[in-house]
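Each chain gets a letter, A, B and so on, in the order its sequence line appears, and its residues count up from 1. Please read all numbers here as calculations on a predicted model, not as lab measurements.
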Amino acid sequence: MARAVHKMTRDNSKERYNFRETETKWQRAWEEGACFAVDDVATGPKFYVLEMFPYPSGRIHMGHVRNYTLGDVVARFKRAQGFSVLHPMGWDAFGMPAENAAIENKVPPGQWTRQNIESMREQLKAMGLSYDWSREIATCDPGYYRFEQKMFLDFLEGGIAYRKESTVNWDPVDQTVLANEQVVDGCGWRSGAPVERRKLAQWFLRITDFADDLLESLESLKAWPDQVRLMQEKWIGRSEGAHVLFAIEGRDDRLKVFTTRPDTLFGASFCAMAPDHPLAAELAANDKQLSEFIEKCQAMGTSEAVIETAEKEGYDTGIKIVHPFVEGKTLPLYVANFVLMEYGSGAIFGCPAHDQRDLEFARKYNLPVIPVVSPDGKPFEVEDTAAAGDGVLMESDFLNGLKKDDAIAAATKRLSEAGQGEAITLYRLRDWGVSRQRYWGCPIPVIHCETCGIVPVPESDLPVTLPEDVSFDQPGNPLEHHPNWKDVDCPTCGKPARRETDTFDTFFESSWYFARFCSPHAQTAFDAKAAQYWMPVDQYIGGIEHAVLHLLYSRFFTRALLKCGYGGVKEPFTGLLTQGMVCHETYRDEAGDWLFPDEVRHQDGGALVKTSDGSPVTAGRVEKMSKSRKNVVDPAAIIEEYGADTARLFMLSDSPPERDLEWSDTGVEGVWRYLNKLWRMMTEPPLPLAAGDAESPGDFSGTALETRRLTHKTIAAVTADLEGFRFNRAVARIRELTNHLFALETGGEAGSDAASLGWVLREGYEAVARLLAPMTPHLAEELWALLGHGESLVAGPWPEADSGLIVDEEVTVAVQVNGKLRATIQLPRDTDQEAAESAALELPEVSRVLGDKPVRRVIVVANRIINVVA
RNA sequence: GCCCGCUUGGCGGAACUGGUAGACGCAACGGACUUAAAAUCCGUUUUCCGUAAGGAAGUGGGGGUUCGAGUCCCUCAGCGGGCACCA
């Protein structure tokens, strides 16, 4: 209710900044002037700014607003600095939500997606973002995905793509593969049926062939957050270790096991293999209990989080494994639910004394715990915690007395001499499975022929277009049910064959879109010259949730394309900024149901009530905005009520970009008030501004000089802050300058004449307008025009600070006694040690605290601090 | 479970490579203007003791290094992100 009143005041008052008119006016001017369009090959220094393109869900959310505001500030800042700036936008348009919408609302995915794109484009345009819209792409357009079908054919030919079996979550009722997020407590989210594991033949890309390069090149990505590089490093997970080939009692074949700790072989007390290990399957054929156990494991789902958090369980197969070094010693062989078939060879040996997981398993099944690596060289017992660290070998025959690393080398050497193993480098990283049993994705361009096997679609037949006349009336993949889409003649033998009905993982599309943006209308995936000019992306901006998968896949894809002769670069993203999430308080009513923020009213006294009926509301934690918790604020409503500049500036003001940001209505109000204050200030200056072309008065003193100093310090600081993405600090600095300029109006002009003040005030105003231009572009243009300028601010130039004005002659130095602040002292800049020391010792505050204690030492840090140690 | 982060006033945050903790903003409180309200303007605002001058404590808890620690090290706790078919 209160809100409605505000709105009226804002709209009707003549003294208020009319953002609606202004924002529309400038957006039109930029569009008409094609201010943000660039050529595929431009001239001069370039800067490529890219924000992660959105999935077209229908409406933009605050995460988008934050992401695209950050990118736009960088783009506008660089443009003002004279760079040719490529700043494109498009749509990551394939994906499951379109299929879900089709099932729930009976809308065809294509139609749904294209409508969403239309409305989201309008919303983005209302934000005043400086995109070159002529480069817009949508990945569901055959004109886009035809090139990735070609890439896949090239990958096949280059040996980068191959086919193998892997396991998926299968919903037996819906007859569909489930994403891990669609598996809730082991059951399908829609059907509620227990999920099964199924093996399917699928396409994979050999990302592991590039593992070393992807790992080593991380070091060159200096402008990436350390955190992200570390996460990728751990994800690739290079580990040096050994394969051990254990003999199996009563069998001719051997059990292959990977270990990073061959030194602990003498402490081994069991072996374990994955439930889907071929040997397990073989044994299960004659062991009903084992096959039941395996079935139980397979009901578990495929995600690592589920497997790792499940209680460790195993089944003793009764098979004995022969210890390679100890004559006559055997180890029991288990099938265990925590051993992954995808990693190493799908089997391990367990050394409970030195591995926590093995220890828990051993305790559960009463297996021996034999310590063989002693941290201090003395014999010891293991209780609840395994000794995973360094130490000296004991109870280990030929390894006794060796340090861990030497023992690893010695054990590996012995194994390899005996033909029982070898040193090996293993990666945690697995090959990228790109097949999806889904409709709304890019068709995989292969044909299955009974005679010829798998036949790639001839290049001349590309694109394989996704049909849109499909129905979601029955469970399963609509492509399978389509009357004739999959029927095709084999390109090799001409007999009837069928198309592959799987589509690509949507990470496929997002692994090269940044290259397409360089020449979005080219008749190849991308024009080599355009890519040469624009790539790599200088600054990529997006959510931290993409720290591993999307970013790693893109790095791999770029290398794979390079290998297949596409040209381009090796590393796609030079700089990376990972933004935090946008959060909001959560609300529940008396019944415990979630409420939207605009269903809740703050009463006087702080109590929260439901707007509709006044019933009490409880506020919950501040969490990431999500539809399920209803703690969302619609950006469109904010832009409608306060304008784009307010929304943008709020996004930049409070939190540094990489941290989470809490949305607050009062914060938005504060920004809105600030923008109005600026507008009023410049509409009616307190004293006559100097003319736009007035000569500098030359001499400045008093307030005028002080103001000039602040203006130039602000220019220098804001420039540095924008370079370092410290947007919140940049905003604070500009506000400080604004506060100072505002105070000039209301008095305090001592020591300065009106003429020089008028000149200085204009200098300050112009600095504020230009510094704000990347952040609140509409208002900045308006202010610039108010100050009498005809040209737009888009092309810059960026203001430059006068170096003579940013260093003070006098500095405030803190004086401490024994590390405690006792006084401050004004000293000329760069006062020498002795002078500073004696000045500090003369201070009454210092002598009072010192009393008659002798001074032992004085530490002087020039221009900063003097610490008297007594 | 594994990997990666984060934790500073009532709140969001600032503090460059170890050097005056709390910039800037929000909220709150007091005042001006107004018949009144809104808007705007001025002021106060880390906590505790004190009329004041001033003093003490203080950056999630505990310990350490240092003349000096929000910042570095160890440890514990809480919260969040990722975990390969969400994007």
Side-chain angles (χ1 to χ4, degrees), chain A residues 5-6 9-10 13 15-16 52 54-55 57 92 94-97 168-169 177-183 225-228 230-231 233-235 237 302-310 312 338 342 356-357 360 428-438 505-507 510 543-550 552-553 578 580-581 583 621 623-624 653-656 658-662 664-671 673-674 676-677 680 720 724 726 728-729 731-736 739 746 812-816 818-821 823-824 856-859 861 864-870:
Chain A
V5 175
H6 288 187
T9 341
R10 266 200 288 281
S13 165
E15 295 163 18
R16 289 242 165 173
M52 291 179 183
Y55 178 80
S57 55
D92 189 11
F94 277 136
M96 284 207 307
V168 295
N169 299 310
V177 175
L178 295 175
N180 286 327
E181 72 155 11
Q182 297 174 321
V183 179
D226 291 342
Q227 179 200 158
V228 173
L230 194 58
M231 283 166 85
E233 187 186 318
K234 300 280 184 186
W235 186 265
T302 57
S303 89
E304 198 180 306
V306 168
I307 293 167
E308 293 275 323
T309 45
K312 313 283 171 277
F338 61 86
E342 284 84 10
Q356 192 61 34
R357 203 165 50 177
E360 280 159 32
R428 205 187 77 94
L429 179 69
R430 308 199 293 258
D431 275 341
W432 175 15
V434 293
S435 298
R436 294 292 180 271
Q437 295 69 40
R438 314 226 173 263
D505 178 4
T506 55
F507 276 126
S510 56
I544 183 71
E545 66 272 17
H546 292 293
V548 177
L549 291 181
H550 162 59
L552 192 62
Y553 288 151
T578 51
M581 297 173 305
C583 301
R621 294 194 328 201
E623 292 185 66
K624 176 187 178 171
S653 296
D654 266 7
S655 302
E658 55 284 344
R659 267 216 243 169
D660 287 353
L661 174 141
E662 190 187 334
S664 93
D665 291 340
T666 50
V668 175
E669 290 276 354
V671 169
R673 281 199 300 266
Y674 172 65
N676 270 287
K677 181 170 169 170
R680 273 197 315 272
R726 294 179 294 267
N728 54 329
R729 238 171 49 166
V731 174
R733 290 249 149 81
I734 297 171
R735 290 186 82 134
E736 272 178 301
N739 289 346
T746 51
T812 309
V813 174
V815 180
Q816 298 180 336
N818 290 333
K820 266 195 184 183
L821 182 74
T824 57
R856 288 193 298 161
R857 221 177 130 187
V858 180
I859 286 143
V861 180
R864 280 192 180 280
I865 201 164
I866 300 163
N867 189 10
V868 181
V869 185

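- OP1 or OP2 of B:U40 has not a single side-chain nitrogen or oxygen of A:N676 nearer than 4.0 Å.
- Between B:G10 and B:U47, the two C1' atoms lie 12 Å apart (nearest whole Å).
- For B:C33, there is no paired base (Watson-Crick or G-U wobble, both distances below 3.5 Å).
- A:Q437 contributes a side-chain N or O that forms a donor-acceptor pair with the base of B:C85 under 3.5 Å.
- In this structure, A:W235 reaches the bases: a heavy-atom distance under 4.0 Å links it to at least one base atom across the strands shown.
- Taking the side chain of A:I544 as heavy atoms from C-beta on, and the options B:C41, B:G81, B:G5, the nearest nucleotide is B:G81.
- Of all non-hydrogen atoms in A:Q437 and A:V168, the two that sit nearest each other are OE1-CG1, 4.5 Å.
- The partner of B:G80 is B:C4, judged by Watson-Crick or G-U wobble contacts that both fall below 3.5 Å.
- Using N1 to N3 plus N6-O4 or O6-N4 for Watson-Crick, or N1-O2 and O6-N3 for G-U wobble, each under 3.5 Å, B:A53 pairs with nothing.
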Can you list the steps and then say if A:S653 with A:V671 is a side chain to side chain contact (heavy atoms under 4.5 Å, CB included)? CA-CA 9 Å; A:S653 296; A:V671 169; 4.2 Å; yes

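- The P atoms of B:U7 and B:A14 are separated by 9 Å, rounded to the nearest whole Å.
- Nucleic acid contact for A:L429: base, since at least one base atom lies under 4.0 Å from a heavy atom of the residue.
- Within 4.0 Å of A:K312, counting heavy atoms only, lies no atom of the nucleic acid at all.
- Under the 3.5 Å distance criterion, the side-chain polar atoms of A:D660 are left unmatched by any main-chain donor or acceptor of A:G580.
- The base of B:C85 sits within donor-acceptor range of the side chain of A:R438, with an N or O pair under 3.5 Å.
- One atom, CG of A:N867, and another, C1' of B:A69, lie 13 Å apart when rounded to the nearest Å.
- Look at OH on A:Y553: it is 9 Å from P on B:A84, rounded to the nearest Å.
- Counting non-hydrogen atoms under 4.0 angstrom, A:N818 reaches nothing in the nucleic acid.
- Distance check, rounded to the nearest 0.5 Å: OG1 of A:T506 to OH of A:Y55 gives 9.0 Å.
- When heavy atoms are screened at a 4.0 angstrom cut-off, A:E304 is found touching base atoms of the nucleic acid.
- Within the nucleic acid shown, A:S664 has no heavy atom closer than 4.0 Å to any nucleic acid atom.
- Contact annotation for A:E623: no contact, since no heavy-atom pair falls under 4.0 Å across all strands.
- Here A:K820 reaches the OP1 or OP2 of B:A57: one of its side-chain N or O atoms lies under 4.0 Å away.
- Between A:S303 and B:C83 there is no side-chain N or O to OP1 or OP2 distance below 4.0 Å.
- Within the nucleic acid shown, A:R673 comes within 4.0 Å of sugar-phosphate atoms alone, with no base atom in reach, counting heavy atoms only.
- OP1 or OP2 of B:A84 has at least one side-chain nitrogen or oxygen of A:N180 nearer than 4.0 Å.
- Residue A:S435 is in base contact, counting any heavy-atom pair closer than 4.0 Å across all strands shown.
- Glycosidic conformation, B:G9: syn, with the torsion inside 90° of 0.
- Between B:U71 and B:C86, the distance separating the two P atoms is 40 Å to the nearest Å.
- Side-chain atoms of A:L821 lie closest to B:A21 of the nucleotides B:A84, B:G81, B:A21.
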Residue pair A:T302, A:N180: steps toward the side-chain hydrogen bond (donor to acceptor under 3.5 Å, both in side chains) verdict: CA-CA 7 Å; A:T302 57; A:N180 286 327; 3.3 Å; yes

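- Counting only heavy atoms from C-beta on, A:E736 has its side chain closest to B:C24 among B:C85, B:U20, B:C24.
- Nucleic acid contact class of A:I859 (heavy atoms, under 4.0 Å, all strands): base.
- Along RNA chain B, the nucleotide closest to A:P656 and the one closest to A:V813 are compared, and the more 5′ of them pairs with A:P656.
- For A:R735, counting side-chain heavy atoms from C-beta on, the closest listed nucleotide (B:A87, B:C24, B:G5) is B:C24.
- Under the 4.0 Å criterion applied to side-chain N and carboxylate O atoms, A:E304 and A:R428 are assigned as salt-bridge partners.
- Out of B:A87, B:C67, B:C3, the shortest distance to the side chain of A:R857 is found at B:C67.
- The listed nucleotides are B:G13, B:C41, B:G19; the one nearest the side chain of A:S655 is B:G13.
- Proximity of A:R659 to the phosphate of B:U7: a side-chain N or O atom is located under 4.0 Å from OP1 or OP2.
- Geometric assessment of A:R357 against the ring of A:F338 yields a negative cation-pi assignment under the 6.0 Å and 45° thresholds.
- With a cut-off of 3.5 Å on both pairing distances, B:G70 has no Watson-Crick or G-U wobble partner at all.
- Closest contact between the side chain of A:K677 and the listed nucleotides B:U20, B:A84, B:C41 involves B:C41.
- Phosphate proximity of B:C85 to A:R436: present, with a side-chain N or O under 4.0 Å from OP1 or OP2.
- Within the 4.0 angstrom heavy-atom criterion, base atoms lie near A:T824.
- The nearest heavy atom of RNA chain B to A:A732 and to A:E662 marks one nucleotide each, and the one closer to the 5' end goes with A:E662.
- When each of B:G19, B:G5, B:G1 is scored by its nearest atom to the side-chain atoms of A:V861, the top-ranked nucleotide is B:G19.
- At B:A14, one or more side-chain N or O atoms of A:N728 fall inside 4.0 Å of OP1 or OP2 (strictly under the cut-off).
- Closest to the side chain of A:D92, from the set B:A21, B:G5, B:A87, is B:A87.
- The aromatic rings of A:H546 and A:F507 lie perpendicular to each other, with more than 60° between the two planes, well past the 30° mark.
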